Amino acid sequence: MKPDGERERVISVVFIGTPVTYTDPMPAGTGASLYGLSAVRANQTMELDLASYSSERSQWDANRLLPKLAELKINNGSDFVLGLTEADLFVQGANFVFGLADPRKGAAIVSLHRLRDMATGKKLGERVFKEVAHEVGHLVGLGHCENPSCIMSFARTVQDVDARLPYLCQECSSKILAAKG
């Protein structure tokens with residue numbers, strides 16, 4: 001329980017697909033903590049839905065995976081749910097996405113597929129942290145930021161992800177504080 005009597009908000013972390021070789025929930029937990037959320041690892045995993053797969057693209061449609069994640073959120077009783085996957089994700093109009101969030105559903109997904117580019121260990125953990133913090137930022141109401149060093153800036157490449165600082169800019173921080181107050 002929070003000191004002011006408010007219930008602590010929880011985000012469940014779900015691993016999607018088999019095999020998921022990245023099983024460290026810590027970057028997800030610390031990414032969620034930027035917004036005062038407590039992250040818990042869900043007991044279950046989620047299989048990739050073949051209806052979400054595009055054989056033409058050899059990728060998975062992130063928009064089609066989010067509703068299943070939202071169901072897990074409801075079943076777990078958490079405020080939000082975050083899926084981590086090795087699958088290469090896309091949305092219509094983009095070659096790929098690192099992640100996607102739907103604030104109305106309270107669900108987000110982050111793919112490690114392209115974050116792995118030339119990254120292991122600490123570098124991969126930093127990228128996962130930044131992408132999780134970015135998508136969770138959308139879940140709590142933030143949009144994309146024009147400041148390229150802000151964690152809420154849009155990333156087209158892993159170099160853009162690497163260029164982000166591991167925190168919110170002053171303007172985005174202010175928006176979070178205003179929403180709480």
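Remember, predicted model here, so these are calculated numbers, not experimental data.
Interatomic distance, Leu124 CG to Met118 CE, rounded to the nearest 0.5 Å: 13.5 Å. Between the SG atom of Cys145 and the CE atom of Met152 there is a distance of 8.0 Å, given to the nearest 0.5 Å. Separating the CZ atom in Phe90 from the OG atom in Ser54 is a distance of 4.5 Å, to the nearest 0.5 Å. For the atom pair Asp79 CG and Glu8 CD, the distance stands at 9.5 Å (nearest 0.5 Å). Rounding to the nearest 0.5 angstrom, the gap separating the NZ atom in Lys130 from the CZ atom in Arg127 is 8.5 Å. Here the CG atom belonging to Leu34 is positioned 13.0 Å from the NE2 atom belonging to His134, to the nearest 0.5 angstrom.
With sequence neighbours excluded, no residue forms a side chain to side chain donor-acceptor pair (under 3.5 Å) with Glu146.
Ala70 approaches Val81 most closely through the heavy-atom pair N-CG1, 4.2 Å. In this structure, Val97 and Ala62 approach most closely via the heavy-atom pair CG2-CB, 4.4 Å.
The side-chain tip of Arg114 points at the ring of Phe96 from less than 6.0 angstrom away and within 45° of straight on.
Between His113 and Phe98, every side-chain heavy-atom pair lies at or beyond the 4.5 Å cut-off. Leu84 has its side chain within reach of Val132: a pair of non-hydrogen atoms, C-beta onward, lies under 4.5 Å apart. Looking at Leu37 and Val10, their side chains never come closer than 4.5 Å, going by heavy atoms from C-beta outward. With a 4.5 Å cut-off on side-chain heavy atoms, Trp60 and Leu50 count as touching. Looking only at side-chain heavy atoms (C-beta outward), Leu82 and Val14 stay at 4.5 Å or farther from each other. With contacts defined as side-chain heavy-atom distances shorter than 4.5 Å, the pair Val110/Thr85 does not qualify.
Formation of a donor-acceptor pair under 3.5 Å by the Ser33 side chain with backbone atoms of Gly36 is not found in this model. Under the 3.5 Å distance criterion, the side-chain polar atoms of Glu131 are left unmatched by any main-chain donor or acceptor of Leu112. For Glu135 (side chain) and Ala101 (main-chain N/O), a donor-acceptor pair under 3.5 Å exists by modelled atom type.
Cluster partners of Phe154: none. The rule joins Ile, Leu, Val, Met, Phe, Trp and Tyr whenever side-chain heavy atoms lie under 4.5 Å apart, and it links nothing here.
No more than 12 heavy-atom neighbours from other residues, nucleotides or ligands sit within 6.0 angstrom of CZ on Arg64. The neighbour count for Asp160 CG, taken as heavy atoms of other residues, nucleotides or ligands under 6.0 Å away, is above 12.
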Can you give me every donor-acceptor pair (side chain of residues 165-178, partner residue at least two apart or in another chain, under 3.5 Å) with its distance?
| from | atom 1 | to | atom 2 | distance (Å) |
| --- | --- | --- | --- | --- |
| Ser173 | OG | Cys169 | O | 3.1 |
| Ser174 | OG | Gln170 | O | 2.9 |

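When Val136, Ile11, Leu139 are each tested for a side-chain contact (heavy atoms from CB on, under 4.5 Å) with Tyr35, only one passes: Val136.
Taking the six-membered ring where tryptophan is involved, the planes of His138 and His144 are perpendicular, since the angle between them exceeds 60° and thus also 30°.
In this structure, Leu89 is a member of the same hydrophobic cluster as Met46, with clusters built from ILVMFWY side-chain heavy atoms closer than 4.5 Å. Taking hydrophobic clusters as Ile, Leu, Val, Met, Phe, Trp and Tyr residues chained together by side-chain heavy-atom distances below 4.5 Å, Leu66 shares a cluster with Ile16.
At a threshold of 4.0 Å, the pair Arg116-Glu86 counts as salt-bridged, since one of the basic side-chain nitrogens sits closer than that to a carboxylate oxygen.
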inquiry  = Is there a side chain to side chain contact (heavy atoms under 4.5 Å, CB included) between Ser153 and Arg164? Walk through the geometry before answering.
reply    = CA-CA 8 Å; Ser153 66; Arg164 292 176 180 157; 3.6 Å; yes

task = Run the numbers on Asp61 and Tyr53 for side chain to side chain contact (heavy atoms under 4.5 Å, CB included), then give the verdict.
result = CA-CA 6 Å; Asp61 186 339; Tyr53 185 71; over 6 Å; no

